[in-house]
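All chains are named by letter (A, B, ...) in the order of the sequence lines, taking the proteins before the strands, and each is independently numbered beginning at 1. Just so we're clear, the structure is a prediction, and the values are computed from it rather than from any experiment. What you see below is based on every heavy atom in this structure, not just the backbone, and it leaves out hydrogens, waters and symmetry mates.
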Protein chains: 2
Amino acid sequence: MTPVSETNRRSVYGDAEARRRGTLDAAAALLDEGGYGALTIRAVAERAGTSTGLIYKYFADKHDIFVALLNESQVESAQFIAQLPRVDGVAPLLEAVIPESARQWSRVGRMTAVWREAVGSQQIERASVRELLATAEQYNAELERAVVEAADVEGRELVAGPAMIPFVLSGLRGVSDTLVNNWARHLDSAELISFTARAITRGITA
Amino acid sequence: MTPVSETNRRSVYGDAEARRRGTLDAAAALLDEGGYGALTIRAVAERAGTSTGLIYKYFADKHDIFVALLNESQVESAQFIAQLPRVDGVAPLLEAVIPESARQWSRVGRMTAVWREAVGSQQIERASVRELLATAEQYNAELERAVVEAADVEGRELVAGPAMIPFVLSGLRGVSDTLVNNWARHLDSAELISFTARAITRGITA
DNA sequence: ACCTGAACACCGTTCAAGT
DNA sequence: ACCTGAACACCGTTCAAGT
């Protein structure tokens, strides 16, 4: 039995789920092409072939579109990490994760302010935000598994403690921000990535 | 001789420089109180006791107000680092830097998107943006000096290379973002700060 | 010479009106 | 039942009009 949800419904007007998908694709494309300033509801509606009013049938507000994109971004990143080889150890694993992390950060990084307002208030009760928190947990778990397995392969002993994975995540976010916003303008990207992967590895090694 | 610049001039209407200062103070206060959403030109004008039109005599646009605040934030951070004690070594130094970094990041972090657009385009020619780049260099130099001196005190050998300080900066920005946006919700802040300070230190130790 | 605030072209969001 | 787009209350920015 196919469940009939609010957004999985066909009608003479077309497939509601397909339209939701198209709205998200349009938003992502606008974000990639023109940056945050290009992402307006009117532009999304025109690009997705729908109307401004209808977008609010699928998303509570513009905020909610961000949350959905952020969620997809985290799912993709988790899948990417899951399929990475562990055989070369922790540092090469991280070196492979950083560019993907930066790629996601370039689209999604600006949404941090939005996220903060969402989680700081009662909006945490929203289904979309609760889903996002669950996805973040999965991403963290996938990263932890990969790091632990890679350390195991090379016989590296990791420092214990609940802050280990949050530190790695912070490091990934920090270097992604540096790369995306070109903070280290006098430094080759590849060199920063390589150094960071090895430095984080030293940082979590007992 | 006091130089008479565009923004250092008295008149029957008052002190232009004082008004510029008041505009920045109003903007900072609004940002701290109500977040990004509360920062509107109309609100800044009302709070600073001026008018929307006059704000554009001191700042090219809203963008330019951000850049000025970011610049002041970097100057304050550089001064804070300059006066920190080195005698306890690198990890305690970083542990003292992180909360200050997070404090600045909470106000200024959301401006990253703005910064990116500024530096990515021709706007880099703007005087305010060139000033910001120079301030960033000074902040970096101050941090490097503090880290090198602290390592010297405890006889710690640092890894060489141009990526060392950018890695530390990335790490500080990453952990600040984690703290400000409460990404590590199940983890005590003090524990994350302490772990991060020690892990970054291990990361840059040869 | 300096300052104001109505006016302009947008924006996110809503909802009466259409199909 | 579903969809549209004019309308509303904003926003950043400008500039004719005031002092």
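Helical stems involving DNA chain D, defined as 3 or more consecutive Watson-Crick or G-U pairs under 3.5 Å, span C:4-8 with D:12-16, C:12-16 with D:4-8.
Every side-chain hydrogen bond (donor to acceptor under 3.5 Å, both in side chains) that Ser73(B) has, sequence neighbours left out, goes to Gln104(B). The salt bridge (Lys or Arg N to Asp or Glu O under 4.0 Å) search around Asp32(B) returns Arg107(B), not counting sequence neighbours. Thr23(B) pairs by the side-chain hydrogen bond (donor to acceptor under 3.5 Å, both in side chains) definition with nothing, not counting sequence neighbours. In terms of the salt bridge (Lys or Arg N to Asp or Glu O under 4.0 Å) criterion, residue partners of Arg103(B) (sequence neighbours excluded) are, by chain and number, Glu100(B). Residues forming a side-chain hydrogen bond (donor to acceptor under 3.5 Å, both in side chains) with Thr135(B) (at least two apart in sequence, or on another chain): Asn71(B). Residues forming a salt bridge (Lys or Arg N to Asp or Glu O under 4.0 Å) with Arg47(A) (at least two apart in sequence, or on another chain): Glu33(A). Under the side-chain hydrogen bond (donor to acceptor under 3.5 Å, both in side chains) criterion, Glu144(B) pairs with no residue at all, not counting sequence neighbours.
The minimum heavy-atom distance between Leu192(B) and Ala163(A), with the atom names listed, is CA-CB, 4.3 Å.
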Report each atom pair, protein N/O against N/O of nucleotides 13-16 of chain C, whose distance is under 3.5 angstrom.
unit_1: dT13(C); atom_1: OP2; unit_2: Tyr56(A); atom_2: OH; d: 2.6
unit_1: dT13(C); atom_1: OP2; unit_2: Lys62(A); atom_2: N; d: 2.8
unit_1: dT13(C); atom_1: O5'; unit_2: Tyr56(A); atom_2: OH; d: 3.1

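Residue contacts shown for Ser51(B) include a base, since a base heavy atom lies under 4.0 Å away. Within the 4.0 angstrom heavy-atom criterion, only backbone atoms of the sugar-phosphate kind lie near Leu39(B); the bases stay farther away.
Contact annotation: Thr50(A) side-chain N/O to dT4(D) OP1/OP2 distance is under 4.0 Å. OP1 and OP2 of dC2(C) both lie 4.0 Å or more from every side-chain N or O belonging to Arg19(B).
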